[in-house]
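Since the structure comes first, as structure tokens, the remarks are kept for the end.
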Amino acid sequence: MLRFILRRLLAGVFLLFVVSSLAYLFLYLGAGDIARQILGVSATQEQVAQKATELGLDQPLATRYVDWLSAAVRGDFGTSWFNNQPVVEAITSRLAVTLSLVIGTTILTAVVATALGVWAAKKRGAADRLVQIVSVLGFAIPGFLIAIFLVNVFALNLGWFRPTGFVQLGTSFPGWLSTVTLPILALSTGAIAAIASQVRGSVIDTMRQDWVRTLRSRGLSENRVLYKHVLRNAGGPALAVLAVQFVGLLGGAIIVEQIFAIPGLGPVAVGSTARGDIPLVMGLVVVTAAIVVVVNIVIEILHGFLNPKARIS
Amino acid sequence: MNAEPLLVIDDLVVEYAAKGFGKKPFRALKGVSLDIRPGECVGLVGESGSGKTTLGRAVLGLAPVTEGSVRFKGKDISHLKRRERRALADEIQVVFQDPYSSLNPSLTIEQTLAEPLRVQNVSAADASKRIRGLLDQVGLPSNSADRLPREFSGGQRQRIAIARALALSPQLIVCDEPVSALDLSTQARVLDLFKDIQEETGVAYLFVSHDLAVVRHLSHRVAVMYQGEIVEYGDGGIVTSAPEHPYTQRLLLAAPVPDPVRQEQRRADRRRLLDSQRDMEVQAGVA
Amino acid sequence: MSESATTPTPDVATEVRAARSHVGRRLLRNPTGLAAIIVLTVMILLAIFADVLAPMDPSKANIQDVLAPASDAHPLGADSAGRDVLSRLLFATRFSIAGALWAVLIAAVIGVTSGLLAGYYQKWFESVSVWVVSIIQALPGIVVLLAARAVIGPSIWLIMAVFGVILAPAFYRLTYAAVVGVRNELFVDAARVAGVGDASIIGRHILSVVRAPIIIQAALLAGIGIAVQSGLDFLGLGDTNVPTWGQMLSDAFSRMYQAPILLIWPSLAIALTSISLVLFGNALRDELERAAGKPKKRRRGAAAYVPDASGPAPVTHVEDGDDARSVLLQVDDLVVGYDQPGGGVKQVVNGVSLQVRKGEVHGLIGESGSGKTQTAWSILRLLPDGGRIVGGSVSFDGKDLAHSSENEMVKIRGRRIAYIPQEPMSNLDPSFTIGSQLVEPMTVALRVSRAEARKRALELLARVGIPNPQRTFDSYPHEVSGGMAQRVLIAGAVSCEADLIIADEPTTALDVTVQADILDLLRDLQNDLHVAVLIVTHNFGVVADLCDRVSVMQDGRIVETGPARSIFRDPQHPYTRSLFDAILEDGAARGPLAHSADRNTLPERSAR
């Protein structure tokens, strides 16, 4: 097991290296005259040249890349071009907000989706159709549309929640809950839909396996077989979907944070993108890729725990 | 016995690369030699993992030959390029075990049967005529042509697969467990069809099966495979009734006879055989 | 009476042919499919004819009309810059849909091509693709798009092209999985042996299989494309010169307090289009599955027969001697059927009557589709979904199982009636150790402690001839061979000391030499435990080896029953006789080639 984790970790680090290198090349090759963009059209040619030297843009790309990489390994991602704030500081101060939102959503999603999926698979009939309809709607309607709807109904019309703002989880849990409820609902709808229909499908498939009949023939009740044996076997495919959904949630959070004016990574991402603040964009790319790598490893370990065959290979 | 062999397999080794680096490849065939004469049926019998299916696939060019050779009419066909292999289509053909997956479910019978003919640039009109002839030959109604495989039973599908194999009038057909998935009564009829076709056309068969009774029924000569090797090879009647090799003896006595009285006898024979073979092993170990 | 027995079976072939018609036509008859197609068609028409339909230039701002309510001049009002909402909506439809289609097209071209190549040629191509896919998926799509936006600026076409690359893995995976699945199908091997070239195989055999799944995937991805494109525009990162639903939403959101009505139109357009795409995909998938009817590999209960429980009585052989053993299981006129989707019941067992005495081995023999396995399952009341006992009774030790509740059955299964399945490898839960699967039922059914159950399980494993019981106890099912797994399943069946064991083709999936060992084991156990066994099989050798009595089944009925020796000696029913005639075991060998060559003087051979 330890070797398995170590191998995945190594592969993850390598993947992170490849992704960040590619991103670096694309961003710097794709960008035009960076110094000019920063200073604006009114700046003189000398000012632009001076800015370029200051940013090290007169160096060859390879040298810049090696410098960036060696600094990045030490945890230094440079400073923002526009407000000179260190990139690490700009990101870490907001990462916790986004993560609390995304992890909250993931937990809610896993619980609700499993319950819905199992319920639909077990009852079939009307319950099944209901879950399928909810799945179609949840899957089809984009999260930010649901967010706009929720703001309109529950914040503006009913006044149950504040339409915008954020309270840190550390400051006050009820305060945090009241500010994240609507964003989490908006984010989780799509994920719940996807995972519930996956759970439903794999539970139904698993129930048709021969060994289910054999276990029942030994005198185990249907519920015992369902909750102990079937669910564990159906868990693998559902976990794979959960991993994909988590990555999607990370992206979705950017838009939803914008709607609810939550000071997470979203506003940083949108702002830096609009301005072309490449060091900050690079920092965001590396951080999100690192999160994805870690989540995938966690999911694989969980999968190995559920499935003895995966554990060995 | 002076007929020149059609197919000669000489010291054939097939290895499959194992998953993961540094692991030893899996040796499915460990030096197998066999020959088939024109018009002959050679039965290849063995249990799962014996390598009998791999041998059939190696003849068809569907398994990687590591060492040794497969010669067809004197020409080595074990390492042909794809194009050269395709040129053999009108000489060596195949009938597979599973009548459900050996026909593309979305093609009509006509389309499936026309496929080998089209490759040989047979005109549409000739192909259509030939297909009708083939369907007749395997005992299917001629209106079968525009139907889909799922409209046929297992036995009928196997007849279609036989018709496809016959389309180019090959000289050798590799039959990989062609009756194993069929019911008892269907199995008997399909075997008779194989026999009739051989007597009509003079085609040779390499007939792979796990069932000694099936092989005995159809084969002139029988080879017994065990763990990637041929352990016994000779006249079908003798190999399947009075075998010499200990494994073949075990195999023969393991199959229950459909007669309670004789089965009781066979059970006792098998007990005795296993005991004596175990004793011999012990003695061999001591010596 | 005799007429009913000779009623011809309905021509199954023609029935199936009638059911087969174009999936497209069926899609139009599917209500959700039709609704989705209508909505999508309307959307596409609006997009195409936006120029003609729009009352004014979508970008023309008029300061006097800022946030104007609906009027003759502006049927849907005007937005925050005084632009006509209806005109903007029509053009937004054009650009939003075109953007999404563009992304899907790029994704499909890249994904399907690479999937076909990787799946068909595998080797290094496959490992490269795996890495590329994991690189693409290491980032949320929106983050990649934001990064791309940072360097290439707000161009809808370039951004959507990048999104197409991000979506490509979805097509790749789908195509790859389908190709690998088809590639190993025997019909592809057969085509290769027939001399068909690679390109032709991919085109004819493989593309035809993946075509429909690709359309379904494209519909779902187009929905995601619309969502992502709107999302980017909503964030204000899009090209403000191109009207899209996202731009309209963004504008409306900034004026949410003054004119919330503006949110409705773009929201409705996005939601309606996305939902229609998903419904279209789902409906197409449903129709495909229905049209294919899922090719049955294992033909279970194929014959649909005229429902008539009162068929001719089976030929009954008289008992050899007096059999004083009392009856344990008495099945009378058992009818088993499956509920059909369109109503009605398809019968697979048509009035079976059967008797198993205490301690006897009873063989139930028949060909596939005869209903023998269905009979076995219905005694245990473990029929698959939709199957149920339609009529008759199953009396076990005086209790009618056909009318028992599920709770009562739970108490009977395992303790009173046990079961040995056919396929050893698929009948053990792959996620639990073999030991835990033996221990759990004992703690439940026998209410013994785990330690006690564990001890018994190890004893049983030794009893069924497993050389190293402790090691097998700790193994997972995939770590043991088929023969070992079948021994484990037999151990499980005898673990709770049942009075009757139902064995469904217990040796069919095994090699002949293993089968002989398992038959010996079954006979030994039966002698030791004096348990009654109902053994379902198609093999007369197995019956001859084990059974005291035998019932021959055909088309859901018992046609002949009696002591095994008597039936083997003197089969009466024509069907039983035809089965005996088909047995090859006693037939003569074909003999060497020379003999047959003498009889059939073929030109080739006589020349030599």
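Chain letters run A, B, ... following the sequence lines, proteins first and then strands; every chain starts at 1. All figures in this text were calculated on a predicted structure; none of them were measured in a lab.
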Query raised in the report: When you look at CH2 of A:W81, are more than 12 heavy atoms from neighbouring residues, nucleotides or ligands closer to it than 6.0 Å?
Result: yes
**Report entry** Region of A:R275 in contact with chain C, defined by heavy-atom distances below 4.5 Å
**Finding:** neither
**Report entry** Atom pair CH2 (C:W131) and CG (A:L15), whose distance is rounded to the nearest 0.5 Å
**Finding:** 5.0 Å
Query raised in the report: Which bit of C:P430 comes within less than 4.5 Å of chain A, counting heavy atoms only: side chain, backbone, both or neither?
Result: both
Query - Minimum heavy-atom distance C:L237-A:A274, with the two atoms named - result: CD2-CB, 4.0 Å
Query raised in the report: Under 3.5 Å, is there a donor-acceptor pair between the side chain of A:R218 and the main chain of C:Y419?
Result: yes
Query raised in the report: Is it the backbone or the side chain of C:R149 that comes under 4.5 Å from a heavy atom of chain A, or both, or neither?
Result: both
Query raised in the report: chain A heavy atoms under 4.5 Å from C:I417: which part of the residue, side chain, backbone, both or neither?
Result: backbone
Query raised in the report: So, for A:W211 and C:F432, is the gap between ring centers shorter than 6.0 Å?
Result: no
Requested in this report: Heavy-atom distances under 4.5 Å only: say whether C:L428 touches chain A with side chain, backbone, both or neither.
Outcome: backbone
Report summary line: A:A140 and C:S274 have their tightest heavy-atom pair at O-CB, 3.1 Å
Query raised in the report: Considering only heavy atoms, which portion of C:E406 lies under 4.5 Å from any heavy atom of chain A: side chain, backbone, both, or neither?
Result: side chain
Query raised in the report: Who among C:V151, C:V410, C:D429 has the most heavy-atom pairs with chain A under 4.5 Å?
Result: C:D429
Query raised in the report: Rounded to the nearest 0.5 Å, how far apart are CD of C:E440 and CG of A:L220?
Result: 5.0 Å
Requested in this report: Report the option among C:L380, C:L235, C:V143 that has the most heavy-atom pairs separated by less than 4.5 Å from atoms of chain A.
Outcome: C:L235
Requested in this report: Run the numbers on A:R216 and C:M409 for side chain to side chain contact (heavy atoms under 4.5 Å, CB included), then give the verdict.
Outcome: CA-CA 10 Å; A:R216 290 187 61 198; C:M409 286 310 299; over 6 Å; no
Requested in this report: Would you mind checking which part of C:A148 comes under 4.5 Å of any heavy atom in chain A, side chain (CB onward), backbone (N, CA, C, O), both or neither?
Outcome: neither
Query raised in the report: What option among A:I291, A:L250, A:I259, A:L265 has the most heavy-atom pairs under 4.5 Å with chain C?
Result: A:I259
Query raised in the report: Looking at C:K411, C:R416, C:R381, C:R413, which has the largest count of heavy-atom pairs under 4.5 Å with chain A?
Result: C:R413
Query - Value rounded to 0.5 Å, distance of OG in C:S426 from CZ in A:R213 - result: 8.5 Å
Requested in this report: Determine the option with the most heavy-atom pairs under 4.5 angstrom with chain C, choosing from A:L284, A:L16, A:V136.
Outcome: A:V136
Query raised in the report: Given a strict heavy-atom distance threshold of 4.5 Å, which part of C:A445 is in contact with chain A: side chain, backbone, both, or neither?
Result: side chain
Report task. Side chain from CB out, backbone as N, CA, C, O: work out which of these in C:D385 comes under 4.5 Å of a heavy atom of chain A, or both, or neither. Result -> side chain
Report summary line: Nearest heavy-atom approach of C:L146 to A:A269 is CD1-CB, 3.8 Å
Query raised in the report: Which answer fits A:L145, side chain, backbone, both or neither, if we ask what part of it has an atom under 4.5 Å from a heavy atom of chain C?
Result: side chain
Requested in this report: Select, from A:N296, A:L156, A:V151, A:I278, the one with the greatest count of heavy-atom pairs under 4.5 Å involving chain C.
Outcome: A:L156
Query - Structural part of A:V230 lying under 4.5 Å from a heavy atom of chain C - result: neither
Query raised in the report: If you count heavy-atom pairs under 4.5 Å with chain A, which of C:A418, C:G492, C:C496 comes out on top?
Result: C:G492
**Report entry** Side-chain heavy-atom pair A:F149, C:L263 within 4.5 angstrom cut-off
**Finding:** no
**Report entry** Side chain, backbone, both or neither of A:V270 within contact of chain C (heavy atoms, under 4.5 Å)
**Finding:** both
Report task. Side chain from CB out, backbone as N, CA, C, O: work out which of these in A:V285 comes under 4.5 Å of a heavy atom of chain C, or both, or neither. Result -> both
Report task. Taking atom OH of A:Y28 as the centre, report whether more than 12 heavy atoms of other residues, nucleotides or ligands fall under 6.0 Å from it. Result -> yes
**Report entry** Nearest atoms (heavy-atom pairs only) where C:P140 meets A:T288
**Finding:** CD-CB, 4.3 Å
Query raised in the report: Between A:I255, A:L249, A:I141, which shows the greatest number of heavy-atom pairs under 4.5 Å with chain C?
Result: A:I255
Query raised in the report: Is chain A contacted by the side chain of C:L382, its backbone, both, or neither, given a heavy-atom distance below 4.5 Å?
Result: both
Query raised in the report: Between C:P260, C:S230, C:G281, which has the largest tally of heavy atom pairs under 4.5 Å with chain A?
Result: C:S230
Report task. Tell me, for A:L22 versus chain C, whether the close heavy atoms (under 4.5 Å) come from the side chain, the backbone, both or neither. Result -> side chain
Query raised in the report: Which value, rounded to the nearest 0.5 Å, describes the distance between C:L277 atom CG and A:F139 atom CZ?
Result: 10.5 Å
Query raised in the report: Roughly how far, to the nearest 0.5 Å, is the CG atom of A:D210 from the CG atom of C:N427?
Result: 4.5 Å
**Report entry** When C:V228, C:N282, C:I152, C:L249 are compared by non-hydrogen pairs under 4.5 Å with chain A, the top option
**Finding:** C:L249
Requested in this report: Check the pair A:V247, C:Q137 against side chain to side chain contact (heavy atoms under 4.5 Å, CB included), reporting the backbone distance first and the verdict last.
Outcome: CA-CA 8 Å; A:V247 180; C:Q137 291 186 330; over 6 Å; no
Requested in this report: Tell me, out of A:F246, A:F14, A:F26, who's got the most heavy-atom pairs with chain C below 4.5 Å.
Outcome: A:F14
Report summary line: One should read off an interatomic distance between C:I412 CD1 and A:S217 OG, to the nearest 0.5 angstrom, of 13.5 Å
Query - Shortest non-hydrogen separation from A:P142 to C:I270 and the atoms involved - result: CG-CG2, 3.7 Å
Query - C:T433 versus chain A, the contacting section by heavy-atom distance below 4.5 Å - result: neither
Report summary line: So, the part of A:A290 with a heavy atom under 4.5 Å from chain C: the answer is neither
Report task. May I have the step-by-step check of side chain to side chain contact (heavy atoms under 4.5 Å, CB included) for C:S431 and A:L306, ending in yes or no? Result -> CA-CA 7 Å; C:S431 299; A:L306 285 181; over 6 Å; no
Report task. Select, from A:V293, A:T206, A:V19, the one with the greatest count of heavy-atom pairs under 4.5 Å involving chain C. Result -> A:V19
